[in-house]
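First comes the structure, then the notes that go with it.
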Protein chains: 2
Amino acid sequence: MVDLESGKSGDRRAEILALATDAFLTHGYSGTSMADLAGAVGIRKASLYHHFPSKHDLFVACVSEGFLGALKRLEDIRDDPNLSDPDRIRAAMEEIYRVNTTTVVGRMAPLIAEVAPRIPEVARAFYDGFIARHYGLLTGMIEDGIARGCFLPVDAVALRQLIIGPVVFMQMEREITATFADGEALVPIRRIRESHISMVLQLLTGATPAFGDVAKD
Amino acid sequence: MVDLESGKSGDRRAEILALATDAFLTHGYSGTSMADLAGAVGIRKASLYHHFPSKHDLFVACVSEGFLGALKRLEDIRDDPNLSDPDRIRAAMEEIYRVNTTTVVGRMAPLIAEVAPRIPEVARAFYDGFIARHYGLLTGMIEDGIARGCFLPVDAVALRQLIIGPVVFMQMEREITATFADGEALVPIRRIRESHISMVLQLLTGATPAFGDVAKD
DNA sequence: GTCTATAACGAGATAGAC
DNA sequence: GTCTATCTCGTTATAGAC
(Lines give C-alpha, C1' and ligand atoms only; values in the text may rest on other atoms or scores of the structure.)
Protein backbone atom coordinates (compact mmCIF):
# COMPACT_ATOMS: atom_id res chain seq x y z
CA MET A 1 0.00 0.00 0.00
CA VAL A 2 2.95 2.36 0.54
CA ASP A 3 4.00 4.47 -2.40
CA LEU A 4 7.31 2.97 -3.50
CA GLU A 5 8.82 6.21 -4.67
CA SER A 6 8.57 8.31 -1.55
CA GLY A 7 7.32 5.84 1.03
CA LYS A 8 5.42 8.77 2.46
CA SER A 9 3.01 10.58 0.22
CA GLY A 10 -0.27 8.93 -0.61
CA ASP A 11 0.13 6.89 2.54
CA ARG A 12 -1.97 9.20 4.66
CA ARG A 13 -4.65 9.23 2.05
CA ALA A 14 -4.86 5.45 2.07
CA GLU A 15 -4.84 5.41 5.86
CA ILE A 16 -7.71 7.90 5.98
CA LEU A 17 -9.66 5.94 3.38
CA ALA A 18 -9.30 2.70 5.34
CA LEU A 19 -10.29 4.21 8.67
CA ALA A 20 -13.11 6.25 7.12
CA THR A 21 -14.52 3.22 5.32
CA ASP A 22 -14.61 1.28 8.55
CA ALA A 23 -16.23 4.18 10.40
CA PHE A 24 -18.88 4.72 7.71
CA LEU A 25 -19.69 1.01 7.74
CA THR A 26 -20.03 0.98 11.52
CA HIS A 27 -21.87 4.23 12.17
CA GLY A 28 -23.40 5.12 8.82
CA TYR A 29 -22.74 8.22 6.75
CA SER A 30 -24.52 10.80 8.89
CA GLY A 31 -23.43 9.01 12.05
CA THR A 32 -19.76 9.54 11.24
CA SER A 33 -18.34 13.02 11.87
CA MET A 34 -15.17 14.48 10.44
CA ALA A 35 -13.99 15.04 14.01
CA ASP A 36 -14.45 11.32 14.77
CA LEU A 37 -12.44 10.44 11.67
CA ALA A 38 -9.69 12.90 12.51
CA GLY A 39 -9.47 11.40 15.96
CA ALA A 40 -9.15 7.90 14.54
CA VAL A 41 -6.39 9.00 12.17
CA GLY A 42 -4.64 10.96 14.90
CA ILE A 43 -4.74 14.37 13.23
CA ARG A 44 -6.94 17.44 13.55
CA LYS A 45 -10.20 17.83 11.71
CA ALA A 46 -8.93 20.65 9.50
CA SER A 47 -6.10 18.46 8.25
CA LEU A 48 -8.58 16.02 6.73
CA TYR A 49 -9.62 18.79 4.37
CA HIS A 50 -6.11 18.90 2.98
CA HIS A 51 -6.61 15.34 1.67
CA PHE A 52 -10.27 15.46 0.72
CA PRO A 53 -12.23 18.59 -0.23
CA SER A 54 -15.40 17.50 1.59
CA LYS A 55 -17.02 14.70 3.55
CA HIS A 56 -19.08 13.89 0.50
CA ASP A 57 -15.98 13.39 -1.64
CA LEU A 58 -14.30 11.35 1.06
CA PHE A 59 -17.29 9.05 1.18
CA VAL A 60 -17.47 8.68 -2.58
CA ALA A 61 -13.77 7.78 -2.61
CA CYS A 62 -14.27 5.19 0.13
CA VAL A 63 -16.94 3.41 -1.84
CA SER A 64 -15.54 3.75 -5.36
CA GLU A 65 -12.03 2.71 -4.40
CA GLY A 66 -13.30 0.22 -1.84
CA PHE A 67 -14.52 -2.38 -4.28
CA LEU A 68 -11.71 -1.98 -6.80
CA GLY A 69 -10.00 -5.32 -7.19
CA ALA A 70 -12.61 -7.14 -5.13
CA LEU A 71 -13.74 -9.07 -8.22
CA LYS A 72 -10.28 -10.09 -9.41
CA ARG A 73 -10.29 -13.48 -7.72
CA LEU A 74 -13.81 -14.21 -8.89
CA GLU A 75 -12.72 -13.55 -12.47
CA ASP A 76 -9.75 -15.86 -12.01
CA ILE A 77 -12.10 -18.59 -10.79
CA ARG A 78 -14.34 -18.13 -13.80
CA ASP A 79 -11.35 -18.39 -16.17
CA ASP A 80 -9.61 -21.28 -14.43
CA PRO A 81 -9.63 -24.18 -16.97
CA ASN A 82 -8.66 -26.72 -14.31
CA LEU A 83 -11.94 -26.41 -12.43
CA SER A 84 -14.95 -28.59 -13.14
CA ASP A 85 -18.24 -26.70 -13.29
CA PRO A 86 -19.37 -27.76 -9.79
CA ASP A 87 -15.94 -27.00 -8.35
CA ARG A 88 -16.05 -23.59 -10.01
CA ILE A 89 -19.35 -22.76 -8.31
CA ARG A 90 -17.98 -24.02 -5.01
CA ALA A 91 -14.84 -21.92 -5.35
CA ALA A 92 -16.88 -18.87 -6.34
CA MET A 93 -19.17 -19.24 -3.35
CA GLU A 94 -16.23 -19.63 -0.99
CA GLU A 95 -14.75 -16.45 -2.44
CA ILE A 96 -18.04 -14.60 -2.01
CA TYR A 97 -18.18 -15.72 1.61
CA ARG A 98 -14.59 -14.64 2.12
CA VAL A 99 -15.11 -11.16 0.67
CA ASN A 100 -18.34 -10.60 2.59
CA THR A 101 -17.17 -11.80 5.97
CA THR A 102 -13.51 -10.72 6.06
CA THR A 103 -13.31 -7.52 3.98
CA VAL A 104 -15.13 -4.22 4.25
CA VAL A 105 -16.51 -4.39 0.72
CA GLY A 106 -19.09 -7.03 1.45
CA ARG A 107 -20.57 -4.96 4.26
CA MET A 108 -21.22 -1.99 2.00
CA ALA A 109 -24.65 -2.87 0.62
CA PRO A 110 -26.65 -1.74 3.69
CA LEU A 111 -24.63 1.48 3.88
CA ILE A 112 -25.26 2.25 0.23
CA ALA A 113 -28.95 1.51 0.69
CA GLU A 114 -29.01 4.16 3.42
CA VAL A 115 -27.32 6.94 1.46
CA ALA A 116 -28.79 6.07 -1.95
CA PRO A 117 -31.55 8.72 -1.83
CA ARG A 118 -29.04 11.48 -1.00
CA ILE A 119 -25.99 10.28 -2.96
CA PRO A 120 -27.40 8.45 -5.99
CA GLU A 121 -24.07 8.62 -7.84
CA VAL A 122 -22.53 6.29 -5.26
CA ALA A 123 -25.46 3.91 -5.48
CA ARG A 124 -25.05 3.71 -9.24
CA ALA A 125 -21.30 3.16 -9.00
CA PHE A 126 -21.71 0.43 -6.41
CA TYR A 127 -24.46 -1.35 -8.27
CA ASP A 128 -22.76 -1.26 -11.66
CA GLY A 129 -19.24 -1.83 -10.41
CA PHE A 130 -19.89 -4.44 -7.76
CA ILE A 131 -23.34 -6.02 -7.60
CA ALA A 132 -24.03 -6.18 -11.34
CA ARG A 133 -20.57 -7.54 -12.08
CA HIS A 134 -21.04 -10.21 -9.44
CA TYR A 135 -24.26 -11.12 -11.15
CA GLY A 136 -22.61 -11.22 -14.54
CA LEU A 137 -19.87 -13.51 -13.31
CA LEU A 138 -22.25 -15.85 -11.50
CA THR A 139 -24.85 -16.16 -14.23
CA GLY A 140 -22.02 -16.68 -16.69
CA MET A 141 -20.64 -19.61 -14.72
CA ILE A 142 -24.10 -21.10 -14.30
CA GLU A 143 -25.12 -20.71 -17.92
CA ASP A 144 -21.80 -22.06 -19.18
CA GLY A 145 -22.35 -25.14 -17.04
CA ILE A 146 -25.86 -25.52 -18.41
CA ALA A 147 -24.60 -25.14 -21.98
CA ARG A 148 -21.99 -27.84 -21.37
CA GLY A 149 -24.68 -30.15 -20.00
CA CYS A 150 -23.08 -30.28 -16.56
CA PHE A 151 -25.91 -28.38 -14.87
CA LEU A 152 -29.67 -28.71 -15.01
CA PRO A 153 -31.50 -25.90 -16.82
CA VAL A 154 -32.10 -23.84 -13.69
CA ASP A 155 -33.24 -20.21 -13.53
CA ALA A 156 -29.79 -18.59 -13.36
CA VAL A 157 -31.11 -15.20 -12.27
CA ALA A 158 -32.96 -16.68 -9.31
CA LEU A 159 -30.09 -18.95 -8.37
CA ARG A 160 -27.60 -16.08 -8.21
CA GLN A 161 -29.92 -14.43 -5.68
CA LEU A 162 -29.94 -17.67 -3.70
CA ILE A 163 -26.16 -17.58 -3.72
CA ILE A 164 -25.56 -13.97 -2.72
CA GLY A 165 -28.63 -13.13 -0.63
CA PRO A 166 -27.95 -15.41 2.34
CA VAL A 167 -24.32 -14.29 2.55
CA VAL A 168 -25.16 -10.60 2.70
CA PHE A 169 -27.99 -11.20 5.14
CA MET A 170 -25.82 -13.27 7.47
CA GLN A 171 -23.19 -10.56 7.53
CA MET A 172 -25.92 -8.06 8.40
CA GLU A 173 -27.12 -10.30 11.20
CA ARG A 174 -23.57 -10.41 12.48
CA GLU A 175 -23.52 -6.64 12.76
CA ILE A 176 -26.90 -6.54 14.45
CA THR A 177 -25.83 -9.16 16.98
CA ALA A 178 -22.26 -7.90 17.37
CA THR A 179 -23.05 -6.19 20.66
CA PHE A 180 -24.75 -9.29 22.11
CA ALA A 181 -22.92 -11.43 24.59
CA ASP A 182 -24.03 -14.51 22.67
CA GLY A 183 -23.66 -12.91 19.24
CA GLU A 184 -21.16 -15.30 17.72
CA ALA A 185 -23.27 -18.36 18.50
CA LEU A 186 -26.44 -16.91 16.94
CA VAL A 187 -25.05 -16.87 13.40
CA PRO A 188 -22.83 -19.90 12.76
CA ILE A 189 -21.72 -18.68 9.35
CA ARG A 190 -19.05 -21.28 8.70
CA ARG A 191 -21.33 -24.22 9.32
CA ILE A 192 -24.15 -22.73 7.29
CA ARG A 193 -21.73 -21.98 4.44
CA GLU A 194 -21.08 -25.66 3.83
CA SER A 195 -24.76 -26.54 3.75
CA HIS A 196 -25.43 -23.52 1.56
CA ILE A 197 -22.87 -24.64 -1.02
CA SER A 198 -24.19 -28.20 -0.94
CA MET A 199 -27.73 -27.03 -1.55
CA VAL A 200 -26.78 -24.82 -4.48
CA LEU A 201 -24.82 -27.67 -6.06
CA GLN A 202 -27.73 -29.98 -5.52
CA LEU A 203 -30.00 -27.57 -7.37
CA LEU A 204 -27.47 -27.37 -10.21
CA THR A 205 -26.62 -31.05 -10.57
CA GLY A 206 -29.60 -32.85 -9.06
CA ALA A 207 -27.25 -34.92 -6.94
CA THR A 208 -28.32 -35.44 -3.36
CA PRO A 209 -25.37 -34.93 -1.01
CA ALA A 210 -25.00 -36.77 2.28
CA PHE A 211 -26.99 -34.50 4.55
CA GLY A 212 -25.44 -35.70 7.78
CA ASP A 213 -22.03 -34.90 6.38
CA VAL A 214 -21.95 -31.28 7.50
CA ALA A 215 -18.91 -29.48 8.86
CA LYS A 216 -19.03 -29.29 12.63
CA ASP A 217 -17.18 -25.98 13.00
CA MET B 1 -56.43 3.98 12.24
CA VAL B 2 -58.66 6.56 13.93
CA ASP B 3 -59.47 6.00 17.57
CA LEU B 4 -63.16 5.12 17.61
CA GLU B 5 -63.90 6.72 20.93
CA SER B 6 -62.64 10.21 20.38
CA GLY B 7 -61.41 10.17 16.80
CA LYS B 8 -58.66 12.41 18.06
CA SER B 9 -56.37 11.27 20.84
CA GLY B 10 -53.73 8.61 20.15
CA ASP B 11 -54.16 9.36 16.49
CA ARG B 12 -51.33 11.86 16.33
CA ARG B 13 -48.99 9.46 18.03
CA ALA B 14 -49.72 6.74 15.47
CA GLU B 15 -49.38 9.25 12.64
CA ILE B 16 -45.99 10.38 13.93
CA LEU B 17 -44.83 6.79 14.35
CA ALA B 18 -45.78 5.87 10.80
CA LEU B 19 -44.15 8.93 9.22
CA ALA B 20 -41.08 8.65 11.43
CA THR B 21 -40.62 4.97 10.63
CA ASP B 22 -40.71 5.70 6.95
CA ALA B 23 -38.26 8.59 7.33
CA PHE B 24 -35.83 6.55 9.42
CA LEU B 25 -35.94 3.75 6.85
CA THR B 26 -35.28 6.15 4.00
CA HIS B 27 -32.65 8.44 5.48
CA GLY B 28 -31.25 6.48 8.42
CA TYR B 29 -31.32 7.47 12.07
CA SER B 30 -28.80 10.31 12.02
CA GLY B 31 -30.02 11.38 8.59
CA THR B 32 -33.49 12.12 9.92
CA SER B 33 -33.96 15.32 11.91
CA MET B 34 -36.80 16.18 14.24
CA ALA B 35 -37.48 19.22 12.07
CA ASP B 36 -37.89 16.99 9.01
CA LEU B 37 -40.33 14.81 10.93
CA ALA B 38 -42.29 17.78 12.22
CA GLY B 39 -42.56 19.07 8.67
CA ALA B 40 -43.88 15.74 7.45
CA VAL B 41 -46.47 15.59 10.22
CA GLY B 42 -47.45 19.20 9.69
CA ILE B 43 -46.66 20.49 13.17
CA ARG B 44 -43.76 22.34 14.77
CA LYS B 45 -40.67 20.65 16.00
CA ALA B 46 -41.34 21.44 19.64
CA SER B 47 -44.74 19.75 19.43
CA LEU B 48 -43.09 16.42 18.68
CA TYR B 49 -41.59 16.53 22.13
CA HIS B 50 -45.06 16.56 23.61
CA HIS B 51 -45.60 13.06 22.18
CA PHE B 52 -42.12 11.59 22.57
CA PRO B 53 -39.56 12.70 25.15
CA SER B 54 -36.61 12.39 22.77
CA LYS B 55 -35.56 11.31 19.29
CA HIS B 56 -34.04 8.20 20.82
CA ASP B 57 -37.36 7.20 22.41
CA LEU B 58 -39.24 7.94 19.21
CA PHE B 59 -36.90 5.67 17.30
CA VAL B 60 -37.17 2.88 19.83
CA ALA B 61 -40.96 3.14 19.63
CA CYS B 62 -40.85 2.99 15.81
CA VAL B 63 -38.88 -0.24 15.84
CA SER B 64 -40.49 -1.99 18.81
CA GLU B 65 -44.03 -1.23 17.76
CA GLY B 66 -43.19 -1.59 14.08
CA PHE B 67 -42.86 -5.34 14.04
CA LEU B 68 -45.73 -6.03 16.44
CA GLY B 69 -48.25 -8.21 14.69
CA ALA B 70 -45.98 -8.82 11.70
CA LEU B 71 -45.68 -12.49 12.63
CA LYS B 72 -49.35 -13.14 13.19
CA ARG B 73 -50.04 -14.43 9.68
CA LEU B 74 -46.95 -16.59 9.74
CA GLU B 75 -48.17 -18.21 12.94
CA ASP B 76 -51.54 -18.81 11.35
CA ILE B 77 -49.86 -20.52 8.42
CA ARG B 78 -47.87 -22.76 10.75
CA ASP B 79 -51.02 -23.74 12.62
CA ASP B 80 -53.28 -24.23 9.58
CA PRO B 81 -54.23 -27.94 9.56
CA ASN B 82 -55.52 -27.75 5.98
CA LEU B 83 -52.10 -27.11 4.49
CA SER B 84 -49.79 -29.86 3.28
CA ASP B 85 -46.18 -29.47 4.31
CA PRO B 86 -45.02 -28.16 0.91
CA ASP B 87 -48.00 -25.82 0.68
CA ARG B 88 -47.20 -24.55 4.15
CA ILE B 89 -43.65 -23.65 3.11
CA ARG B 90 -44.95 -22.03 -0.05
CA ALA B 91 -47.50 -19.97 1.90
CA ALA B 92 -44.88 -18.97 4.47
CA MET B 93 -42.47 -17.82 1.76
CA GLU B 94 -45.17 -15.81 0.03
CA GLU B 95 -45.97 -14.16 3.35
CA ILE B 96 -42.28 -13.38 3.95
CA TYR B 97 -42.07 -11.81 0.50
CA ARG B 98 -45.21 -9.82 1.18
CA VAL B 99 -43.99 -8.44 4.51
CA ASN B 100 -40.57 -7.59 3.14
CA THR B 101 -41.66 -5.92 -0.05
CA THR B 102 -44.89 -4.19 0.94
CA THR B 103 -44.51 -3.23 4.61
CA VAL B 104 -41.95 -1.15 6.43
CA VAL B 105 -40.99 -3.96 8.80
CA GLY B 106 -39.08 -5.98 6.28
CA ARG B 107 -36.87 -3.04 5.41
CA MET B 108 -35.73 -2.59 8.99
CA ALA B 109 -32.77 -4.96 9.13
CA PRO B 110 -30.28 -2.60 7.39
CA LEU B 111 -31.43 0.30 9.57
CA ILE B 112 -30.97 -1.74 12.75
CA ALA B 113 -27.56 -2.85 11.56
CA GLU B 114 -26.58 0.81 11.26
CA VAL B 115 -27.72 1.90 14.72
CA ALA B 116 -26.84 -1.33 16.54
CA PRO B 117 -23.51 -0.04 17.92
CA ARG B 118 -25.16 3.07 19.36
CA ILE B 119 -28.58 1.69 20.33
CA PRO B 120 -27.96 -1.96 21.25
CA GLU B 121 -31.31 -2.25 23.05
CA VAL B 122 -33.12 -1.83 19.76
CA ALA B 123 -30.91 -4.39 18.06
CA ARG B 124 -31.71 -6.92 20.76
CA ALA B 125 -35.43 -6.21 20.58
CA PHE B 126 -35.46 -6.54 16.79
CA TYR B 127 -33.43 -9.71 16.74
CA ASP B 128 -35.35 -11.47 19.49
CA GLY B 129 -38.77 -10.17 18.53
CA PHE B 130 -38.53 -10.42 14.75
CA ILE B 131 -35.58 -12.30 13.27
CA ALA B 132 -35.33 -15.05 15.88
CA ARG B 133 -39.07 -15.64 15.85
CA HIS B 134 -39.04 -15.93 12.07
CA TYR B 135 -36.29 -18.49 12.45
CA GLY B 136 -38.26 -20.39 15.07
CA LEU B 137 -41.34 -20.52 12.89
CA LEU B 138 -39.46 -21.58 9.77
CA THR B 139 -37.27 -24.24 11.35
CA GLY B 140 -40.38 -25.53 13.12
CA MET B 141 -42.24 -25.96 9.83
CA ILE B 142 -39.23 -27.60 8.20
CA GLU B 143 -38.51 -29.97 11.07
CA ASP B 144 -42.15 -30.94 11.43
CA GLY B 145 -42.18 -31.84 7.74
CA ILE B 146 -39.03 -33.90 8.17
CA ALA B 147 -40.47 -35.66 11.21
CA ARG B 148 -43.61 -36.51 9.22
CA GLY B 149 -41.48 -37.93 6.41
CA CYS B 150 -42.71 -35.35 3.91
CA PHE B 151 -39.34 -33.59 3.65
CA LEU B 152 -35.81 -34.84 3.16
CA PRO B 153 -33.51 -34.51 6.20
CA VAL B 154 -32.13 -31.11 5.19
CA ASP B 155 -30.12 -28.72 7.35
CA ALA B 156 -33.03 -26.63 8.62
CA VAL B 157 -30.82 -23.83 9.93
CA ALA B 158 -29.12 -23.38 6.57
CA LEU B 159 -32.36 -23.65 4.64
CA ARG B 160 -34.03 -20.92 6.66
CA GLN B 161 -31.15 -18.62 5.66
CA LEU B 162 -31.74 -19.61 2.04
CA ILE B 163 -35.37 -18.65 2.48
CA ILE B 164 -34.95 -15.28 4.19
CA GLY B 165 -31.58 -14.07 2.89
CA PRO B 166 -32.51 -13.55 -0.76
CA VAL B 167 -35.72 -11.72 0.15
CA VAL B 168 -33.98 -9.21 2.41
CA PHE B 169 -31.16 -8.72 -0.08
CA MET B 170 -33.54 -8.13 -2.98
CA GLN B 171 -35.42 -5.50 -0.97
CA MET B 172 -32.06 -3.84 -0.23
CA GLU B 173 -31.21 -3.87 -3.92
CA ARG B 174 -34.53 -2.24 -4.60
CA GLU B 175 -33.63 0.63 -2.32
CA ILE B 176 -30.19 0.97 -3.84
CA THR B 177 -31.62 1.06 -7.36
CA ALA B 178 -34.71 3.10 -6.46
CA THR B 179 -33.20 6.29 -7.86
CA PHE B 180 -32.21 4.64 -11.14
CA ALA B 181 -34.26 5.21 -14.24
CA ASP B 182 -34.13 1.48 -14.94
CA GLY B 183 -34.42 0.45 -11.29
CA GLU B 184 -37.57 -1.62 -11.51
CA ALA B 185 -36.23 -3.82 -14.30
CA LEU B 186 -32.96 -4.60 -12.50
CA VAL B 187 -34.61 -6.57 -9.70
CA PRO B 188 -37.56 -8.58 -11.03
CA ILE B 189 -38.66 -9.69 -7.58
CA ARG B 190 -41.95 -11.31 -8.56
CA ARG B 191 -40.40 -13.54 -11.18
CA ILE B 192 -37.52 -14.53 -8.92
CA ARG B 193 -39.93 -15.26 -6.09
CA GLU B 194 -41.55 -18.11 -8.01
CA SER B 195 -38.21 -19.71 -8.87
CA HIS B 196 -37.04 -19.18 -5.30
CA ILE B 197 -40.03 -21.03 -3.89
CA SER B 198 -39.62 -23.84 -6.44
CA MET B 199 -35.98 -24.28 -5.54
CA VAL B 200 -36.64 -24.43 -1.81
CA LEU B 201 -39.38 -26.99 -2.33
CA GLN B 202 -37.08 -28.99 -4.54
CA LEU B 203 -34.48 -29.08 -1.79
CA LEU B 204 -37.14 -30.18 0.69
CA THR B 205 -38.90 -32.82 -1.39
CA GLY B 206 -36.33 -33.83 -3.98
CA ALA B 207 -38.91 -33.32 -6.70
CA THR B 208 -37.66 -31.58 -9.84
CA PRO B 209 -40.12 -28.92 -10.97
CA ALA B 210 -40.64 -27.98 -14.60
CA PHE B 211 -37.96 -25.33 -14.97
CA GLY B 212 -39.44 -23.66 -18.02
CA ASP B 213 -42.67 -23.19 -16.13
CA VAL B 214 -41.77 -19.91 -14.49
CA ALA B 215 -44.13 -17.01 -13.98
CA LYS B 216 -43.69 -14.37 -16.63
CA ASP B 217 -44.56 -11.43 -14.34
C1' DG C 1 -51.73 20.14 22.17
C1' DT C 2 -49.56 23.42 19.51
C1' DC C 3 -47.13 27.46 19.15
C1' DT C 4 -42.82 31.10 19.21
C1' DA C 5 -38.42 31.79 20.90
C1' DT C 6 -34.17 30.37 22.36
C1' DA C 7 -30.66 27.80 24.68
C1' DA C 8 -26.69 24.62 24.17
C1' DC C 9 -24.19 22.12 21.34
C1' DG C 10 -21.95 19.79 17.37
C1' DA C 11 -21.62 19.62 12.52
C1' DG C 12 -19.05 20.76 8.01
C1' DA C 13 -15.99 23.82 6.32
C1' DT C 14 -12.42 27.85 5.93
C1' DA C 15 -8.42 31.19 7.05
C1' DG C 16 -4.06 31.68 7.90
C1' DA C 17 0.19 30.74 10.88
C1' DC C 18 3.99 27.48 11.12
C1' DG D 1 0.98 18.76 5.84
C1' DT D 2 -0.63 19.89 10.19
C1' DC D 3 -1.98 23.12 13.38
C1' DT D 4 -5.24 26.77 16.16
C1' DA D 5 -9.04 29.52 15.78
C1' DT D 6 -13.26 30.66 13.91
C1' DC D 7 -17.42 31.01 10.91
C1' DT D 8 -21.96 29.48 9.87
C1' DC D 9 -25.48 26.54 10.05
C1' DG D 10 -28.38 22.69 11.65
C1' DT D 11 -29.17 19.81 15.43
C1' DT D 12 -31.64 18.16 19.88
C1' DA D 13 -34.04 19.88 23.42
C1' DT D 14 -36.42 23.25 26.70
C1' DA D 15 -39.27 27.39 28.46
C1' DG D 16 -43.31 29.39 28.61
C1' DA D 17 -47.41 31.77 26.20
C1' DC D 18 -51.96 30.55 24.31
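Chain A is the first sequence line, chain B the second, and so forth, proteins listed ahead of strands; every chain is numbered from 1. Remember, it's a predicted structure, so these values are computed and weren't measured experimentally.
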Residues A:Arg78, A:Glu75: salt bridge by 4.0 Å N-O rule: no
Atom-pair distance (NZ on B:Lys45; C1' on C:dG1), nearest Å: 18 Å
Sugar-phosphate, base or nothing in reach of A:Thr32, heavy atoms under 4.0 Å: sugar-phosphate
Expected output: side-chain B:Thr139 to main-chain B:Gly136 donor-acceptor under 3.5 Å: yes
Distance in angstrom units between B:Arg13 CZ and C:dT2 P, rounded: 14 Å
Among C:dT4, D:dG1, D:dA13, the nucleotide that comes nearest once only the side chain of B:Ala46 is considered: C:dT4
Candidate nucleotides D:dA13, C:dC3, C:dA11, ranked by approach to the side chain of A:Ala35 - the nearest: C:dA11
Rounded interatomic separation in angstrom, taking OH from A:Tyr49 and P from C:dA13: 4 Å
Sugar-phosphate only, base, or nothing, as touched by B:Ser33 at under 4.0 Å among non-hydrogen atoms: sugar-phosphate
B:Glu184, CD: over 12 other non-hydrogen atoms inside 6.0 angstrom: no
Aromatic plane relationship, A:Phe130 with A:Phe67 - under 30° parallel, 30 to 60° tilted, over 60° perpendicular: tilted
Nucleotide C:dT14, atom P - distance to CZ of A:Phe52 in whole Å: 15 Å
5' precedence on DNA chain C between A:Asp36 and A:Pro53 (nearest-nucleotide basis): A:Asp36
Protein-nucleotide distance (B:Phe59, atom CZ; D:dA13, atom P), rounded to Å: 14 Å
Nearest-Å distance for atom pair CD1/C1', residues B:Ile119 and D:dT12: 14 Å
B:Glu121 and B:His56: side chain donor to acceptor below 3.5 Å: yes
Euclidean distance, atom CZ of residue B:Arg44 to atom P of C:dT4 [Å, nearest integer]: 5 Å
Selection from C:dT14, D:dT14, C:dT2 that lies nearest to any side-chain heavy atom of B:His51: C:dT2
Out of C:dT2, D:dC3, D:dG1, whichever nucleotide has its closest atom nearest the side chain of B:His50: C:dT2
Interatomic distance, B:Ile43 CD1 vs C:dT4 P [rounded to whole Å]: 12 Å
